[in-house]
Amino acid sequence: MQSKEVAKIFSEIAQILELKGENPFRVRAYERAARTIEDLGEKLKVIADQDKLTTLPGIGADLAEKIKEMLKTGSLKYYQQLKKEIPSGLFDMLKIQGLGPKTVKLIYDKLGIDTIESLKKAIDAGKLNQIEGIREKTQENILRGIEFIKKSKEHFSFYEANKVAEKFIEKIKKFKGVKKIELAGSLRRKKSEVKDIDILAISKNPESVMDKFTKLDLADDVLAKGPTKSSIIAKENNIQVDLRVLDEKSFGSAMVYFTGSKDFNVRLRQLAIKKGYKINEYGVFDVASSKKEKLLAAGTEREIFSLMKLDYIPAELREDRGEIEAAKKGGLPKLIEKKDIKGDLHVHSKYSDGKESIEEIAKAAKRRGYDYIGISDHSQSLKIASGLSIKELHKKIEEVKKINKKLPGIKVLCGTEADILMDGSIDYPDSVLKELDYVIAAIHSGFKQSKEQITKRIIKACKNKYVNIIAHPTGILQGIRDAYQVDLEKIYQAASDFNVALEINCHPQRMDLSDLRVMEAKSKKAKLFLGTDSHTLEQLDFIELGINISRRGWLTKKDVINCFKTDELKKWLKK
DNA sequence: GCCGTTTTCGGCCCGACTGTTTTCAGTCG
């Protein structure tokens, strides 16, 4: 059984227990365990084999046994029993906005309704009026929630959500009396996938801000509107936007509260309790020493962290993945920043399927302040993307030499994105590869091969003395094609052993190597590389999406080869 | 169900908004 399934079963158990009205803390224990396991990925098996499951946060003796049972037998008796008690359609009903476990259970108990479709029919037929406590408004909301599920998505990419968020911020910024406006929530944490958009505004007149916000052209539907907090559904993408308004004096505590993940906030508040404090969006309060709560800090995030005896934790790390412990000990990494990026190496030119000439790309890179830019066109067997024959490649090498002579201030490197063939060999012979400044190797065929075969192919490519980078190591195309089967643990090790960098592909359609995978690669001492996979000049901007992932993956300048200065990089490329 | 420089039992983050209520439970983040 895969770790993902183990996590899914725990989170379903949590839902069943919630529907049954069990102890909410027990429910939370299952939810937390599910998240822990989800974060771990396939490392779960290693930890289980070492019999160290109970060292994981939120996993005690009981859940450890359940995990072992699932890994060993592929199922869980306790779960099978629970499942009999609750029809699976109730899980779907829980996805309806505003409809929680209590109401779902009530409707099921009274009317036997156990699917979204039958719920809709029952409302249309007026049957829900029989249930005490469910009147007209609630029914309207349920119907609206059902419609919303049909037209919206559960997740949005950072890229698409951020574009919508920028439009809202532009508008809200102009409201009278808005002093500050900041993006918060998962977008501020730069998560690759987000569920909604959270915005924080500072104003002395929150009601008027709420009025204008809920009446914006950009808004389709108003989910909730209060004096300090409102939620709307944006017309674009049907994504939910939450706006919270607070006074300037609580700006710091509001940002902390509105930025951290659920788990991070819980951990921070628990830490506060231990110190005799209370943290909420209005500040940190001393509740232990005197009868009256005393405000200790609220103005800036730094004040809050310093009061908690923590180093400042960058927004991207606020996930409860060990950053609080690290901040206590002064052990947080110095995360990479945009200014640390010296260049890009995964760029396609007109030679293959890119839009611009090498010279145009070089000039654009110079404008961006890069020290170098590498041009990596496809290799001969990738005919569909106009892969270069050896003859064409030689022509390209000559052109790069000429451009380097005439264009000062930027170094152009001549590379290739060569295919890893079915047997793991590279699509150009070594005699050709050695003429290039660097080699990116990638899988573009044989996606259906077994996990062992693909893993073997990539490891063989790593062993080639001219291969410097493995591009898009999982082959995923977001929403179009699943990742191929590959044993990433082994790839991290091979990359580390043979001095090959693994690509964080920055293209929004690819986004290979998530933050968590990046952390794993780093733990094996593998180097990472940010590649935009640009086919147009605008796409060079995708580097920022890669920086987001790197920061969330705790990467520093030393971990990312794009941060090497030209000489340093050249030396590294020589393996 | 987890967890312990106050605890091995008794806690477990905190507050806004809604709908249906006459003071609050349910839901959400």
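A quick note: this is a predicted structure, and the numbers were derived from the prediction, not measured. FYI, side chains are in, hydrogens and waters are out, and symmetry mates aren't considered; it's all heavy atoms of this structure.
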Q | Flag if over 12 foreign heavy atoms under 6.0 Å of NZ, A:Lys235 | A | yes
Q) Which pairs with one or both residues in residues 195-207 of chain A pass side-chain hydrogen bond (donor to acceptor under 3.5 Å, both in side chains), sequence neighbours excluded? A) A:Lys204-A:Asp247
**Q.** Watson-Crick or G-U counterpart of B:dA25, or none if no pair lies under 3.5 Å
**A.** B:dT18
**Q.** Any N/O donor-acceptor pair, A:Asn23 side-chain to B:dG1 base, under 3.5 Å
**A.** yes
Q | Ionic contact status for A:Glu182 with A:Arg188, cut-off 4.0 Å | A | no
**Q.** Rounded distance in Å between the C1' positions of B:dC2 and B:dT8
**A.** 12 Å
Q.
Between B:dG29 and B:dC13, how many Å separate the two C1' atoms, rounded to a whole number?
A. 12 Å
**Q.** Residue whose closest nucleotide on DNA chain B lies nearer the 5' end, A:Pro227 versus A:Ala64
**A.** A:Ala64
(Q) In whole Å, I'd like the distance from the CD atom of A:Glu18 to the P atom of B:dA25. (A) 17 Å
Q. To the nearest Å, how far apart are A:Lys274 NZ and B:dT6 P?
A. 9 Å
Q) Can you check the A:Phe285 CZ to B:dC14 P distance for me, whole Å? A) 12 Å
Q | Note: A:Lys68-A:Glu65 ion pair, threshold 4.0 Å (strictly below) | A | yes
Q: Using the P atoms only, state how far B:dG1 lies from B:dT7, rounded to an integer number of Å.
A: 25 Å
Q) Expressed in whole Å, how much space separates the C1' atoms belonging to B:dT20 and B:dT27? A) 14 Å
Q | Presence of A:Tyr277 side-chain N/O under 4.0 Å of B:dC13 phosphate oxygens OP1/OP2 | A | no
(Q) Holding to ring pair (Phe, Tyr, Trp, His ring centres under 6.0 Å), I want the full list of residues that pass it with A:Phe264, two or more places apart in sequence or in another chain. (A) none
**Q.** Gap in Å between the two C1' atoms, one belonging to B:dG11 and one to B:dT6, rounded
**A.** 13 Å
Q: Whole angstrom is fine here: how far is it from CG in A:Asn280 over to P in B:dG15?
A: 5 Å
**Q.** Distance in angstrom units between A:Ile131 CD1 and B:dT21 P, rounded
**A.** 13 Å
Q.
Please report the distance separating the C1' of B:dT23 from the corresponding atom of B:dC17, rounded so that it comes out in whole Å.
A. 16 Å
